[in-house]
2 protein chains.
Amino acid sequence: MRALTYENNLALREIPQPKRQAGESLVRISMAGICNTDIELTRGYMRFTGVPGHEFTGIVEESDTPALLKQRVVGEINIGCKKCSYCLQGLERHCPARSVVGILNRQGAFAEYISLPDRNLHRIPSTVGEKQAVFVEPLAAALEILEQVRIEPAARVAIIGDGKLALLVLQVLRPIGCQVWLFGKHSSKVRIAERFGAITASDGEKFDVVVEASGHTDGLAAAIGMCRPRGVLVLKSTYAGHVEYNPAKVVIDELTIVGSRCGPFEPAIRKLAESQVDVTPLISKVFRFHEAVEAFDYAQQEGVLKVLLNFETVTR
Amino acid sequence: MRALTYENNLALREIPQPKRQAGESLVRISMAGICNTDIELTRGYMRFTGVPGHEFTGIVEESDTPALLKQRVVGEINIGCKKCSYCLQGLERHCPARSVVGILNRQGAFAEYISLPDRNLHRIPSTVGEKQAVFVEPLAAALEILEQVRIEPAARVAIIGDGKLALLVLQVLRPIGCQVWLFGKHSSKVRIAERFGAITASDGEKFDVVVEASGHTDGLAAAIGMCRPRGVLVLKSTYAGHVEYNPAKVVIDELTIVGSRCGPFEPAIRKLAESQVDVTPLISKVFRFHEAVEAFDYAQQEGVLKVLLNFETVTR
């Protein structure tokens with residue numbers, strides 16, 4: 001099958017189709033999304049080689065579970081050992097022996113086929129379009145914040161960053177009733193944030209909660225500076241680079257920093273099915289899969305939001 | 001009066017006796033302790049100049065409050081504006097306009113006299129000795145951890161550092177019933193920790209809670225490495241230097257980092273009065289106040305714990 005692979009460079013290469021293991025389903029990818037993490041992987045993050053891609057939807061072509069056959073699905077990306085204390089607690093995404101689709105020891109979704117454990121798959125209702133379904137994974141990551149941190153309706157919340165994840169976080173937090181500021185560098189993206197109800201001008205006051213979703217190494221120090229004493233800082237960005245700062249302000253102001261990664265899929269699917277979240281303005285361009293390298297270049301251009309790869313045109 | 005002051009160097013100098021403001025009491029210092037923060041101040045932390053010192057006990061010599069006159073007291077070190085939202089919530093120690101004894105815009109305790117608002121003073125029962133009373137402030141800082149973080153009796157807790165604060169944190173956490181590991185570099189201090197019930201050999205497992213109290217810039221990265229997924233890291237150290245690290249592990253493992261500073265005085269006084277905490281092994285040496293510069297040098301030597309300054313011999 002054809003796959004986009006990274007080994008020193010990104011290229012479309014022929015690789016063997018994945019072998020479906022017991023308890024797994026073979027999914028033919030129909031649409032996939034390029035995440036900032038994918039771009040960071042090509043910059044050295046995780047010392048990654050292989051097939052990236054972890055935002056996708058597709059059709060189950062082979063499965064031992066009849067209810068999954070021919071169904072449109074999305075897939076959770078962490079595959080745990082099912083034996084350790086994390087897996088037994090339902091925290092498979094923190095299994096120390098896990099593989100992660102397209103990130104760690106597991107083939108990603110920028111390929112014609114992927115094989116995943118049945119338990120990782122979630123059926124997508126017909127009310128959720130193909131392009132929308134690709135957003136289940138990042139939307140779940142946005143919802144993860146609410147699994148970790150209690151945000152009060154009267155809270156002053158700031159989001160640093162105006163990228164895809166930042167705009168999803170904004171849409172997840174606004175329905176709490178809180179005021180949400182969003183600080184970004186791209187006027188076109190900031191305008192989208194304003195349409196979603198973000199305040200984009202600072203009033204000089206500090207924030208109860210600051211979400212760092214800028215994807216830049218200077219985001220952490222900026223977030224610390226914006227947090228009120230005893231405030232909460234949610235860290236969403238992962239990148240290849242190091243940050244340098246003095247943690248004294250974290251101690252003096254008794255800040256709480258919460259790292260936040262993958263989240264729950266079912267609420268994300270519900271929110272998309274009920275149109276509680278609008279991802280349409282977040283889609284910059286849809287490329288065909290054979291243009292994947294070009295799509296990666298495009299995704300890194302200034303002002304670009306989500307770039308999708310459409311596999312429907314792949315000749316089989 | 002005589003005071004130990006820092007301006008380019010530490011020296012005993014003659015400075016004016018503080019003028020007692022309305023609502024304040026004048027305290028004649030009888031005993032004071034040298035904290036790592038004092039040492040960091042002489043290394044550039046906070047760009048400090050003036051009289052350091054924030055761990056002390058003394059006798060009230062002048063006050064408008066009769067109940068305080070002639071009493072032995074300790075003093076909380078944060079003085080807020082009493083008007084802002086933090087002060088009104090009882091969080092005067094986070095008042096953005098606060099001064100901090102011996103650290104920020106306020107004369108410290110390494111002087112014959114200090115003037116403090118009556119509300120900052122706590123009477124010390126006769127069952128608490130003079131040297132013990134100096135430990136109220138750092139013991140309150142250790143107790144602050146329990147005001148911020150719920151630590152379960154079944155938790156695996158690690159303390160990084162074997163200094164004064166680390167050994168107080170150990171004594172505060174052990175009564176919860178949890179297992180506490182302590183990782184230090186000085187065999188004499190590690191032996192004291194063992195006497196207080198610490199486990200000092202790693203079993204290779206990660207920890208639910210890691211308290212970083214090493215006072216070193218490499219402590220944060222070490223603490224992150226020791227924390228289990230979804231674990232809690234309590235940051236206690238403040239220092240002049242910067243740290244450099246990649247926050248990706250904080251995000252991937254969804255760690256929570258909690259900065260922790262000053263704590264509640266009354267429980268600290270209770271614990272000392274009831275001998276729940278033993279500070280005697282933590283006292284390395286008592287210097288007379290006129291030897292304060294020498295005492296600072298001594299406090300920075302390898303293996304030294306708390307160094308006290310005794311003011312009783314000061315000629316008046």
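The structure presented is a predicted model; accordingly, all values stated were derived computationally and were not measured. Naming convention: chains lettered A, B, ... in sequence-line order (proteins, then strands); numbering from 1 in each chain.
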So what's closer than 4.5 Å to chain B heavy atoms on [X]: side chain, backbone, both or neither?
X	answer
A/Leu91	side chain
A/Arg228	both
A/Lys206	neither

Worksheet entry | Sub-4.5 Å side-chain heavy-atom contact between B/Asn78 and B/Arg261 |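 Side-chain contact under 4.5 Å: yes.
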
Chain A contact via [X] - side chain, backbone, both or neither, heavy atoms under 4.5 Å:
X	value
B/Thr217	neither
B/Leu220	side chain
B/Glu212	neither

Worksheet item: According to the interplanar angle, ranging from 0 to 90°, do the rings of A/Tyr245 and B/Tyr245 count as parallel (below 30°), tilted (30 to 60°) or perpendicular (above 60°)?
Response: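 It falls in the tilted class, 30° to 60°.
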
Worksheet item: Going by atom types alone, do A/Gln300 and A/Arg43 pair a side-chain donor with an acceptor below 3.5 Å?
Response: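 A/Gln300 vs A/Arg43: donor-acceptor pair found between side chains.
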
Worksheet item: Is the closest side-chain donor-acceptor distance between A/Glu40 and A/Thr42 under 3.5 Å?
Response: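 Note: A/Glu40 and A/Thr42 side chains miss the donor-acceptor criterion.
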
Worksheet item: Does atom CD of A/Glu266 have more than 12 heavy-atom neighbours from other groups under 6.0 Å away?
Response: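 Yes, CD of A/Glu266 has more than 12 neighbouring heavy atoms, counting only those of other groups under 6.0 Å.
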
Specify which of [options] makes the most heavy-atom pairs with chain A at under 4.5 Å.
options	value
B/Gln148, B/Met46, B/Arg230	B/Arg230
B/Val232, B/Leu255, B/Val100	B/Leu255
B/His94, B/Lys249, B/Lys236	B/His94

Discussion item. Among A/Glu76, A/Glu144, A/Glu137, which residue satisfies the side-chain contact (heavy atoms from CB on, under 4.5 Å) criterion with A/Cys262?
Written reply: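 Result for side-chain contact (heavy atoms from CB on, under 4.5 Å) with A/Cys262: A/Glu137.
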
Worksheet entry | Qualifying residue, where the test is side-chain contact (heavy atoms from CB on, under 4.5 Å) with B/Trp181 and the options are B/Leu170, B/Ile159, B/Val210, B/Asp203 |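 Output: one option passes, namely B/Asp203.
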
